[in-house]
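These notes are about the structure you will find just below.
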Amino acid sequence: MEKIKMTTPLVEMDGDEMTRILWKMIKDELLLPYIDLKTEYYDLGLEYRNETNDQVTIDSAEATKKYGVAVKCATITPNAARMTEYQLKEMWKSPNGTIRAALDGTVFRTPIIVKGIEPCVKNWEKPITLARHAYGDVYKNTEIKVPGAGKAELVFTAKDGTEIRETIHQFRGAGILQGIHNTDESITSFAKACFNYALDTKQDLWFATKDTISKKYDHHFKDIFQDIYEKEYEEKFKEAGIEYFYTLIDDAVARVMKAKGGFIWACKNYDGDVMSDMVSSAFGSLAMMTSVLVSPSGVYEYEAAHGTVQRHYYKHLKGEETSTNSVATIFAWSGALRKRGELDGIEELVKFADKLEKATIQTIESGKMTKDLALITSLKDVTVLNSGNFIKAVKETLESL
């Protein structure tokens with residue numbers, strides 16, 4: 001069979017640990033035999049990020065702006081232990097945070113639903129999509145370790161030299177400080193992306209922050225959403241028969257547990273990070289969730305929403321068998337290939353992406369799955385496959401379709 005031709009490259013961002021191993025397996029088994037794959041490759045593995053002083057991450061984000069579609073493997077965000085393990089020059093920032101800051105936009109994450117994997121929350125009948133703001137807050141923070149007694153101040157100096165100054169805390173001893181920010185431009189982009197996605201998918205939109213405590217910072221998000229909704233989207237929502245409402249984040253958490261699903265839940269950056277893990281895990285597995293960053297300029301970056309599966313990687317290095325779920329990484333590739341096909345008018349590429357996702361779901365529903373799903377499935381007499389054999393089973397299903 002002749003391979004599907006591509007005209008424009010995808011930006012390919014390789015990653016770390018076990019997900020890097022899966023990345024190569026997926027390409028070798030599920031992509032390269034069928035597609036004349038064109039990518040512009042960036043190695044975002046921690047060793048190379050360290051070698052390039054993280055310039056490779058910045059370069060990959062710029063390439064994404066140029067080509068419009070990227071696919072990203074999971075990467076390590078280093079902590080103190082990683083500093084020692086990898087002998088890092090410094091504790092590099094989250095690659096996802098760097099890329100999201102460069103692209104701006106919103107991350108949409110939706111559980112992948114398969115028969116036999118029932119949600120932990122029994123009344124969830126439909127997927128819940130998390131819309132996560134992808135700029136600023138703690139992902140773009142500045143932090144200080146306070147050495148001892150003294151006064152901490154928040155100072156803004158305007159272009160004309162005038163100052164706004166607030167005391168944060170009068171320290172009597174050592175402590176810590178954190179400064180975060182966001183911009184009206186980015187919050188506006190976030191709001192519009194959420195409203196447009198709700199209209200496109202005909203789903204209700206919830207937005208939640210903690211404006212009762214954060215009376216300026218979080219309240220500003222709430223005000224921008226409300227203003228845009230009333231001016232640009234209220235009538236459109238009524239026509240579509242869908243609803244937008246704001247609620248406190250703690251109220252949203254309580255309400256979502258009793259909801260049936262089938263809506264979009266918009267959250268600030270950190271809230272979205274945490275809640276998307278909760279929702280995906282409750283639907284079955286962190287490895288069973290799609291994730292795409294959509295920028296205001298129409299740039300798309302697809303990724304797996306989970307980490308690098310460090311524990312399995314150490315087992316792999318010892319030559320031990322692993323059973324690592326690769327579904328989210330497969331769907332990152334299929335999502336990016338579909339979007340590339342749509343933008344370039346390559347129908348065969350779109351159809352292949354659809355077929356790959358169908359094959360992945362059918363493989364699981366036929367009872368062939370990785371250990372994490374086997375532990376929670378309601379299917380009987382399932383076959384637990386190791387990391388490589390699951391991908392090969394998907395290949396067999398793909399070729400039978």
Side-chain angles (χ1 to χ4, degrees), residues 6-16 19-20 23 27 31 37-78 86 88-109 132-142 181-190 192-193 269 272-273 290-305 308 329 332-344 346 349:
M6 293 176 63
T7 52
T8 312
L10 287 174
V11 176
E12 178 186 352
M13 306 176 188
D14 210 343
D16 287 298
T19 45
R20 188 182 182 98
W23 194 259
K27 285 179 68 179
L31 304 178
L37 196 63
K38 290 181 72 169
T39 72
E40 188 162 302
Y41 179 86
Y42 293 86
D43 184 357
L44 265 57
L46 187 50
E47 294 98 332
Y48 194 63
R49 278 184 275 144
N50 189 58
E51 188 182 319
T52 63
N53 298 321
D54 209 30
Q55 184 61 41
V56 65
T57 309
I58 295 161
D59 291 346
S60 71
E62 290 304 313
T64 303
K65 290 180 188 176
K66 177 181 176 183
Y67 291 110
V69 185
V71 58
K72 181 183 173 296
C73 185
T75 46
I76 294 168
T77 298
Y86 285 86
L88 301 179
K89 298 172 190 175
E90 64 178 83
M91 204 180 293
W92 305 110
K93 286 184 178 287
S94 157
N96 288 340
T98 300
I99 293 163
R100 289 167 191 159
L103 300 182
D104 200 358
T106 300
V107 178
F108 292 96
R109 289 179 171 169
R132 174 186 171 188
H133 189 207
Y135 176 80
D137 302 347
V138 297
Y139 298 84
K140 197 84 170 147
N141 67 8
T142 300
H181 78 279
N182 226 293
T183 68
D184 284 10
E185 182 182 18
S186 184
I187 299 166
T188 298
S189 295
F190 172 42
K192 288 185 176 181
N269 210 340
D273 190 357
T290 63
S291 181
V292 57
L293 171 69
V294 183
S295 85
S297 59
V299 169
Y300 299 82
E301 184 242 325
Y302 294 81
E303 61 174 352
T308 56
T329 308
W333 272 104
S334 62
L337 289 167
R338 181 186 295 106
K339 182 54 66 176
R340 184 76 279 160
E342 287 171 358
L343 294 175
D344 293 351
I346 305 172
L349 200 55

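On a predicted model such as this, the values are computed, not experimentally measured, just so you know. We use all heavy atoms of the structure for the numbers below, so side chains are in, but hydrogens, waters and symmetry mates are not.
How far CD of E47 is from OG1 of T52: 11.5 Å, rounded to the nearest 0.5 Å. Put simply, SG on C73 and CG on D43 are 10.0 Å apart, with the number rounded to the nearest 0.5 Å. Note that OG1 of T183 and CZ of F190 are 12.5 Å apart. Values are rounded to the nearest 0.5 Å. The CG atom of L46 lies 9.5 Å from the OG1 atom of T308; values are rounded to the nearest 0.5 Å. For the atom pair CD (E12) and OG (S60), the distance works out to 11.5 Å, reported to the nearest 0.5 Å. Put simply, OG1 on T98 and NZ on K140 are 6.5 Å apart, with the number rounded to the nearest 0.5 Å.
With a 6.0 Å cutoff to the six-membered ring centre and a 45° limit on the axis angle, R132 counts as a cation-pi contact of Y139.
In this structure the side chain of Y86 never reaches within 4.5 angstrom of the side chain of N50, judged on heavy atoms. Between L337 and L37 the shortest side-chain heavy-atom distance falls below 4.5 Å.
For residues 90-107, every residue pair satisfying the salt bridge (Lys or Arg N to Asp or Glu O under 4.0 Å) rule, not counting sequence neighbours, is listed here: R100-E303.
With sequence neighbours excluded, no residue forms a side-chain hydrogen bond (donor to acceptor under 3.5 Å, both in side chains) with E51. For S334, the side-chain hydrogen bond (donor to acceptor under 3.5 Å, both in side chains) partners two or more places apart in sequence, or in a different chain, are E357. In this structure D59 satisfies the side chain to side chain contact (heavy atoms under 4.5 Å, CB included) test together with Y42, Q55, sequence neighbours excluded. Scored by the salt bridge (Lys or Arg N to Asp or Glu O under 4.0 Å) test, E62 finds K65 as partners (sequence neighbours excluded). Among residues two or more places apart in sequence or in another chain, the ring-ring contact (aromatic ring centres under 6.0 Å, His included) test is passed with Y302 by none. With sequence neighbours left out, E342 forms a side-chain hydrogen bond (donor to acceptor under 3.5 Å, both in side chains) with K339. Residues satisfying the side chain to side chain contact (heavy atoms under 4.5 Å, CB included) test with A70, not counting sequence neighbours, are V11, M13, T64, E301. Every residue meeting the ring-ring contact (aromatic ring centres under 6.0 Å, His included) condition with Y135, not counting sequence neighbours, appears here in chain and number order: H181. Partners of K89 under the side-chain hydrogen bond (donor to acceptor under 3.5 Å, both in side chains) rule, at least two apart in sequence or in another chain, are N53. Every residue meeting the side chain to side chain contact (heavy atoms under 4.5 Å, CB included) condition with D137, not counting sequence neighbours, appears here in chain and number order: N182, Y217, F221, K268, N269. When the side chain to side chain contact (heavy atoms under 4.5 Å, CB included) test is applied to T75, the partners found at least two apart in sequence or on another chain are D16, L44, R49, K72, P95, N96.
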Exercise. Could you walk me through whether Y48 and D14 pass side-chain contact (heavy atoms from CB on, under 4.5 Å), step by step?
Key: CA-CA 11 Å; Y48 194 63; D14 210 343; over 6 Å; no
Quiz prompt | Intermediate values then yes/no, side-chain contact (heavy atoms from CB on, under 4.5 Å), L343 and T8 | solution = CA-CA 9 Å; L343 294 175; T8 312; over 6 Å; no
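Across all non-hydrogen atoms, the minimal contact from A134 to V107 is CB-CG2, 3.9 Å. Here the closest heavy-atom approach between residue V69 and residue A336 is recorded as CG1-O, 3.6 Å. Of all heavy-atom pairs spanning A193 and F108, the tightest one is O-CZ, 3.6 Å. The nearest pair of heavy atoms linking A102 to A61 is CB-CB, 3.7 Å. In terms of heavy atoms, S186 sits closest to H133 at OG-NE2, 2.9 Å. Nearest heavy-atom pair across S189 and T106 is O-OG1, 4.5 Å.
Other residues, nucleotides and ligands place more than 12 heavy atoms under 6.0 Å from the NZ atom of K27.
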